[in-house]
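See structure below.
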Amino acid sequence: MMRAVVAAAALALSLPTAAYAAEQPAVVPQVLPVGVAVSALPLAVEDRTGYQRTSFKHWNAGANPSDGCNTRAEVLIQEAIEAPEVGPGCTLTGGVWWSYYDEQRVTPAGALDIDHMVPLAEAWDSGASSWTAQRREAYANDLGQESSLVAVTARSNRSKADQDPAQWLPPSASQDVLCQYTAEWTATKLRWGLTVDEPERDRLLDIAAGCGSTDVVFTPAP
């Protein structure tokens with residue numbers, strides 16, 4: 001099941017104002033067949049030397065600093081399949097979400113984690129170690145591409161931890177879920193110019209071979 005479209009009223013609370021959005025440069029999404037997209041990822045040996053989770057500042061004030069909602073809350077508002085009520089201080093009440101990793105309907109918001117599609121440690125291993133602190137913060141709070149951050153059950157997120165697809169895949173047995181996960185992982189790495197190691201690439205290619213017409217859609221990060 002693909003990520004649900006949020007109710008318009010809730011989405012409006014989390015998106016930037018028109019004036020803010022108008023300041024952003026236009027971006028043209030790139031679309032590649034999943035196998036081609038995986039093959040386009042640069043191959044490199046991973047290195048976790050010096051990694052600390054605190055090197056990636058999150059959650060920050062989000063896409064619209066004036067709305068009182070941090071990045072986590074904005075993702076929850078955008079991905080809800082039944083919109084929560086947004087109260088003072090961006091307190092979320094009610095709402096329903098779909099955790100596609102394990103195909104579960106979830107409520108309330110506190111039962112969800114916001115997963116970095118490519119975990120912070122994996123991003124560090126794959127190129128982020130050379131970034132500035134500001135770029136790592138932008139990565140950790142990326143609202144510019146839907147696949148970068150995903151609301152899922154805390155159980156599935158914590159099972160995944162910092163593992164790549166050679167080590168962990170969503171527990172759902174659905175091929176559609178595996179194809180979606182492979183496409184979103186690949187899209188995130190392409191967006192941020194991150195590398196893959198050999199076991200990771202091989203697993204992605206194995207899955208992609210069974211994904212038919214699945215496309216990877218991404219926009220290069222600013």
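When the side-chain hydrogen bond (donor to acceptor under 3.5 Å, both in side chains) test is applied to Thr195, no partner is found at least two apart in sequence or on another chain. With sequence neighbours excluded, no residue forms a salt bridge (Lys or Arg N to Asp or Glu O under 4.0 Å) with Arg53. Listed by chain and residue number, Asn60, Asn141 satisfy the side-chain hydrogen bond (donor to acceptor under 3.5 Å, both in side chains) test with Thr71 (two or more places apart in sequence, or in another chain). Thr219 meets the side-chain hydrogen bond (donor to acceptor under 3.5 Å, both in side chains) test with Arg191; sequence neighbours excluded. Every residue two or more places apart in sequence or in another chain that forms a side-chain contact (heavy atoms from CB on, under 4.5 Å) with Ala208 is listed here: Val34. Residues passing the side-chain contact (heavy atoms from CB on, under 4.5 Å) test with Ser156 are Ser99, Tyr101, Asp102, Val152, Thr153, sequence neighbours excluded. Taking Lys189 as the reference, Glu122, Glu200 meet the salt bridge (Lys or Arg N to Asp or Glu O under 4.0 Å) condition, with sequence neighbours excluded. When the salt bridge (Lys or Arg N to Asp or Glu O under 4.0 Å) test is applied to Asp115, the partners found at least two apart in sequence or on another chain are Lys160.
The disulfide (SG to SG under 2.5 Å) pairs that include a residue from residues 124-222 are Cys179-Cys211, where partners are two or more places apart or lie in different chains. Sorted pairs that involve residues 74-97 and meet ring-ring contact (aromatic ring centres under 6.0 Å, His included), not counting sequence neighbours, are lacking altogether. Within the structure, salt bridge (Lys or Arg N to Asp or Glu O under 4.0 Å) contacts touching residues 202-222 (residues at least two apart or in different chains) do not occur.
Between the Gln167 side chain and the Asp164 main chain, a donor and an acceptor come within less than 3.5 Å of each other. Looking at Ser159, its side chain never comes within 3.5 Å of a backbone N or O of Arg155 through a donor-acceptor pair. Judged by distance alone, with hydrogens and angles left aside, the side-chain atoms of Arg105 form no donor-acceptor pair with the main-chain N or O of Val96 at under 3.5 Å. Side chain of Thr186 to backbone of Ala183: no donor-acceptor contact under 3.5 angstrom is found.
Glu74 contributes atom CD, which lies 11.5 Å from atom CH2 of Trp59 (distance to the nearest 0.5 angstrom). Distance check: Ile114 CD1 to Leu76 CG gives 4.0 Å after rounding to the nearest 0.5 Å. Of the inter-residue distances, the one linking Thr91 atom OG1 with Glu85 atom CD reads 10.0 Å to the nearest 0.5 angstrom. Atom-to-atom distance recorded for Ser172:OG and Glu103:CD is 3.5 Å, nearest 0.5 angstrom. The structure places OH of Tyr100 at 11.5 Å from CG of Asp176, a figure rounded to the nearest 0.5 Å. Here CG of Asp142 is found 12.0 Å from CD of Glu137. Values are rounded to the nearest 0.5 Å.
In terms of heavy-atom proximity, Arg201 sits nearest to Val196 at CB-CG2, 3.9 Å. When all heavy atoms of Asn64 and Ser66 are compared, the closest pair comes out as OD1-OG, 2.7 Å. Residue Gln175 comes nearest to Ile207 through the heavy atom pair NE2-O, 4.0 Å, listed as atom of the first residue, atom of the second, then distance. Smallest separation of non-hydrogen atoms from Ala80 and Ala83: CB-CA, 4.1 Å. Considering all non-hydrogen atoms of both residues, Leu143 and Gln78 come closest at CD2-NE2, 4.4 Å. Nearest heavy-atom pair across Phe56 and Arg136 is CD2-O, 3.5 Å.
Residues Val38 and Trp168 fall within the same hydrophobic cluster, defined by Ile, Leu, Val, Met, Phe, Trp and Tyr side chains chained together at heavy-atom separations under 4.5 Å. Two different hydrophobic clusters hold Val217 and Leu204 under the rule that ILVMFWY side chains link at heavy-atom gaps under 4.5 Å.
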Pairs of donor and acceptor atoms involving the side chains of residues 40-51, under 3.5 Å and at least two apart or interchain, shall be tabulated with distances.
residue, atom, partner, partner atom, Å
Asp47, OD1, Thr49, N, 2.9
Asp47, OD1, Thr49, OG1, 2.6
Arg48, NE, Asp125, OD1, 2.9
Arg48, NE, Asp125, OD2, 3.0
Arg48, NH1, Asp162, OD2, 2.7
Arg48, NH2, Asp125, OD2, 2.5

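Ile77 places a side-chain heavy atom less than 4.5 Å from the side chain of Cys90. Counting heavy atoms from C-beta on, the side chains of Phe218 and Leu32 come closer than 4.5 Å. Looking at heavy atoms from C-beta onward, Trp192 lies out of side-chain contact with Val118 at the 4.5 angstrom threshold. Looking at heavy atoms from C-beta onward, Pro220 lies in side-chain contact with Gln30 at the 4.5 angstrom threshold. Contact check for Pro170 versus Leu178: side-chain heavy atoms found under the 4.5 Å cut-off. Within the 4.5 Å cutoff, the side chain of His58 has heavy atoms near those of the Leu120 side chain. Between Thr214 and Thr182 the shortest side-chain heavy-atom distance does not fall below 4.5 Å.
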Given Glu79 and Trp98, is the side-chain contact (heavy atoms from CB on, under 4.5 Å) satisfied, shown in steps? CA-CA 8 Å; Glu79 295 191 1; Trp98 178 254; over 6 Å; no
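Shown here is Arg135, whose CZ atom has more than 12 heavy atoms of other residues, nucleotides or ligands within 6.0 Å.
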